[in-house]
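The figures here come from the full heavy-atom set of this structure, side chains too, leaving out hydrogens, waters and symmetry mates. Proteins get letters first, then strands, A, B, ... in listed order; numbering begins at 1 in each.
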2 protein chains.
Amino acid sequence: MRKQRGRASVVFENPPLIMAAASTVGKKEGDGPLGAFFDRVELDPMLGKKTWEEAESELQSRTAGLVIEKSGLSKEEIRYSFAGDLLAQLIATSFGNINLEIPMFGLYGACSTMGEGLGLGAMCVEGGFADHVLVGASSHFASAEKQFRFPLEYGNQRPYSATWTVTGCGAVIVSSGDCRGKEAPLAKITAVTTGKIVDMDFHDSMNMGAAMAMAALDTILQNFRDLGVDETHYDKIITGDLGTVGRRLLLDYLMKAGYRIESRYMDCGIEMFSPEEQDTHAGGSGCGCSAAVLCGFVLPKIRNGEWKRVLFLPTGALLSTVSFNEGKSVPGIAHGVVLETPDFL
Amino acid sequence: MRKQRGRASVVFENPPLIMAAASTVGKKEGDGPLGAFFDRVELDPMLGKKTWEEAESELQSRTAGLVIEKSGLSKEEIRYSFAGDLLAQLIATSFGNINLEIPMFGLYGACSTMGEGLGLGAMCVEGGFADHVLVGASSHFASAEKQFRFPLEYGNQRPYSATWTVTGCGAVIVSSGDCRGKEAPLAKITAVTTGKIVDMDFHDSMNMGAAMAMAALDTILQNFRDLGVDETHYDKIITGDLGTVGRRLLLDYLMKAGYRIESRYMDCGIEMFSPEEQDTHAGGSGCGCSAAVLCGFVLPKIRNGEWKRVLFLPTGALLSTVSFNEGKSVPGIAHGVVLETPDFL
């Protein structure tokens with residue numbers, strides 16, 4: 001009856017539906033193990049634009065256009081856009097959303113943004129404030145390297161704990177459970193667990209998986225407590241971009257807490273690349289990583305019933321070059337979304 | 001009955017209440033015409049910290065602590081925090097929210113963030129997903145100058161169209177209409193009009209008032225259309241930080257559209273300083289400007305019935321130094337919130 005569960009979760013009375021999803025990635029992601037699952041692989045890393053930032057905006061703009069087209073809705077029928085990226089002042093999102101002309105909420109949750117957007121978008125729809133909303137997130141390898149590390153021309157070396165920012169964007173249309181669209185829905189959003197900031201006083205910006213693992217743990221345990229479930233409740237528990245280092249830490253932490261999730265665990269960043277052939281070290285990252293993998297790979301498996309109930313948990317590392325260079329730690333945050341196979345199956 | 005109105009507005013069936021508000025500003029703001037209205041004036045611009053960014057985090061942390069204290073709630077009773085600031089990757093917010101340990105949604109809407117947060121917070125509460133949420137936004141003169149312009153030591157000159165970023169933070173507790181707190185509410189949130197990005201291909205980052213005026217116009221006209229009202233519906237229409245240049249443009253645009261709002265219009269940025277004595281040129285700006293003026297000056301006037309119905313409309317200029325230096329325009333966005341005197345009066 002009551003939607004609020006425990007400290008940080010919501011269980012929807014009338015679960016919103018994901019009516020359509022679209023994913024666009026760059027060439028390197030297209031060459032990876034999941035390449036065939038994405039809607040579009042952009043071979044030109046500039047997407048025909050003059051700067052990396054414009055390229056990322058174009059990535060958002062094209063993906064939004066595609067998901068709207070797939071949904072069979074007009075853009076006027078989409079009431080709000082919930083969108084974000086990794087760049088300072090969300091410029092990829094701002095410039096990528098201009099042509100949509102949809103009232104917009106700009107979000108920043110680092111690489112957890114797709115989880116933040118799905119949570120807010122689902123609440124907005126289930127609360128009756130919109131029939132259809134757009135939720136999307138993007139990242140671009142080159143704009144992120146320039147923003148957080150070095151210009152590409154510098155050719156810096158990276159430790160094996162570092163991840164490779166995915167060039168990609170994922171976007172979905174979340175619709176009211178009362179609104180059947182032209183297409184069969186991909187998934188229903190049955191619950192959301194919103195993360196808090198977790199600061200382990202961790203200071204290595206080249207090992208963000210470790211920085212985020214404790215935030216992932218915190219939200220997973222919160223979800224279990226709030227919903228009164230354990231790991232067996234889910235066919236799959238999918239983190240955003242912990243990579244190989246963060247994965248090991250998360251599995252260890254959970255084992256100490258009494259949960260063995262290994263057989264049902266997946267990390268979008270680890271799946272995105274073949275690390276040895278593609279030289280991507282600990283895995284993929286960026287808010288476009290979990291967003292694109294959700295849209296291209298995860299949602300179709302939920303729709304066809306292969307995975308009936310999934311805890312999708314994008315993870316973010318909260319830092320800027322200013323905070324890092326001033327000696328601050330790298331706190332983490334993770335937002336959980338429970339996705340289930342729609343009832344028609 | 002139906003909550004959705006027109007293209008971009010929501011009218012709440014059971015209006016959420018602003019149960020408490022707190023405002024903290026710096027010395028210069030305390031010396032301005034509104035100085036006596038703020039809860040706290042921090043005389044130390046560093047707030048006891050070592051960097052400007054830490055100072056801004058401390059501003060958020062202290063203001064959040066104060067508003068929670070004023071509300072009579074424990075922090076565990078506050079289900080979500082909706083917060084944002086102007087810095088890259090929201091570091092003022094991330095580090096300022098760690099100690100709260102409240103599940104958080106990070107928002108970026110440039111100087112419109114307080115409007116974005118109030119809209120989302122009110123939907124969250126009215127949808128039944130939370131009984132109490134925290135909504136806040138901050139800016140700091142020195143962290144913003146460093147982020148967007150030059151380090152203070154450089155002593156750059158600024159044109160008269162430029163605004164002065166306010167050192168300030170405003171935070172409110174938004175509670176369900178069913179939840180009477182220990183204090184009488186300050187205002188009820190009866191409607192929200194969410195803005196879209198408006199790009200006028202305007203390229204002067206030292207004249208953000210002009211860049212934002214058309215976005216303010218767009219949201220005001222949308223609000224009038226969606227709610228079927230005109231300017232006389234409101235006792236006051238209050239923009240965030242258009243400053244003197246943006247004010248003139250907005251009033252002109254509205255006159256051409258057939259609305260004369262001058263007698264009921266106010267801009268938080270214009271009220272914040274005495275421009276000639278304080279050398280602040282076109283007025284105050286920053287997301288802390290409208291947030292602090294709302295909390296310190298506007299809400300008490302709504303509570304006591306002096307202004308019975310207010311359209312509060314923070315305005316944001318969507319740019320970063322990267323987008324600007326790459327020759328991009330400065331698009332704007334404005335989010336409208338309708339605040340009314342609570343029913344007990």
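Residue with the most contacts toward chain B among Ser94(A), Gly84(A), Pro103(A): Pro103(A) (heavy-atom pairs, distance under 4.5 Å). Among Glu101(B), Lys50(B), Gln222(B), Arg7(B), the residue with the largest count of heavy-atom pairs under 4.5 Å with chain A is Arg7(B). Ranked by heavy-atom pairs under 4.5 Å with chain B, the list Gly316(A), Ala110(A), Gly109(A), Gly128(A) is led by Gly128(A). Interface remark: of the candidates Ile98(A), Leu120(A), Leu90(A), Val10(A), Leu120(A) forms the most heavy-atom pairs closer than 4.5 Å to chain B. For the options Asp199(A), Thr51(A), Thr93(A), heavy-atom pairs under 4.5 Å to chain B are most numerous at Thr51(A). In terms of non-hydrogen atom pairs under 4.5 Å with chain A, the most contact-rich of Val11(B), Leu319(B), Val192(B), Thr321(B) is Leu319(B). Highest contact tally toward chain B, considering only Gly127(A), Gly106(A), Cys124(A), Ala88(A), is held by Gly106(A) [criterion: heavy-atom pairs under 4.5 Å]. Among Met123(A), Met104(A), Lys196(A), Arg79(A), the residue making the largest number of heavy-atom pairs under 4.5 Å with chain B is Arg79(A).
Glu77(A) places a side-chain N or O within 3.5 Å of a backbone atom of Ser74(A) that can act as its donor or acceptor partner. When atom types are taken as modelled, the side chain of Glu126(A) and the backbone of Asn14(A) share a donor-acceptor pair closer than 3.5 angstrom.
With a 4.5 angstrom heavy-atom cutoff, Leu100(B) does not touch chain A via any of its atoms. Only the side chain of Phe148(A) comes within contact range of chain B, judged by heavy atoms closer than 4.5 Å. Using a 4.5 Å cut-off between heavy atoms, Leu87(A) touches chain B through its backbone atoms (N, CA, C, O) alone. Heavy atoms of Ile333(A) lying under 4.5 Å from chain B belong exclusively to its side chain. Only the side chain of Phe82(B) comes within less than 4.5 Å of a heavy atom in chain A; its backbone stays farther off. Looking at Ser329(A), both its backbone and its side chain come within 4.5 Å of chain B, counting heavy atoms on both sides. If you measure heavy-atom distances from Ala8(B) to chain A, the contacts under 4.5 Å come from both the backbone and the side chain. The contact between Ile102(A) and chain B is made by backbone and side chain atoms together, counting heavy-atom distances below 4.5 Å.
Closest of all the heavy-atom pairs between Ser176(A) and Leu17(A) is O-CD1, 4.3 Å. Nearest heavy-atom pair, Gly115(A) versus His335(A), reported as atom, atom and distance to 0.1 Å: C-CB, 3.8 Å.
The residue from Val338(B), Thr193(B), Thr219(B) that alone fulfils the side chain to side chain contact (heavy atoms under 4.5 Å, CB included) condition with Leu313(B) is Thr219(B).
Contacts classified as salt bridge (Lys or Arg N to Asp or Glu O under 4.0 Å) and involving residues 314-335 of chain A (residues at least two apart or in different chains) are given here: Glu326(A)-Lys146(B), Lys328(A)-Glu54(B).
The 12-atom threshold is not exceeded at NZ of Lys49(B), counting heavy atoms of other residues, nucleotides or ligands nearer than 6.0 Å. Atom CG of Asn99(A) is surrounded by 12 or fewer heavy atoms from other residues, nucleotides or ligands within 6.0 Å.
Ring geometry for Phe129(A) versus Phe12(B): interplanar angle over 60°, hence perpendicular rather than tilted (30 to 60°).
Side chains of Asp241(B) and Thr315(B): a donor on one and an acceptor on the other come within 3.5 Å.
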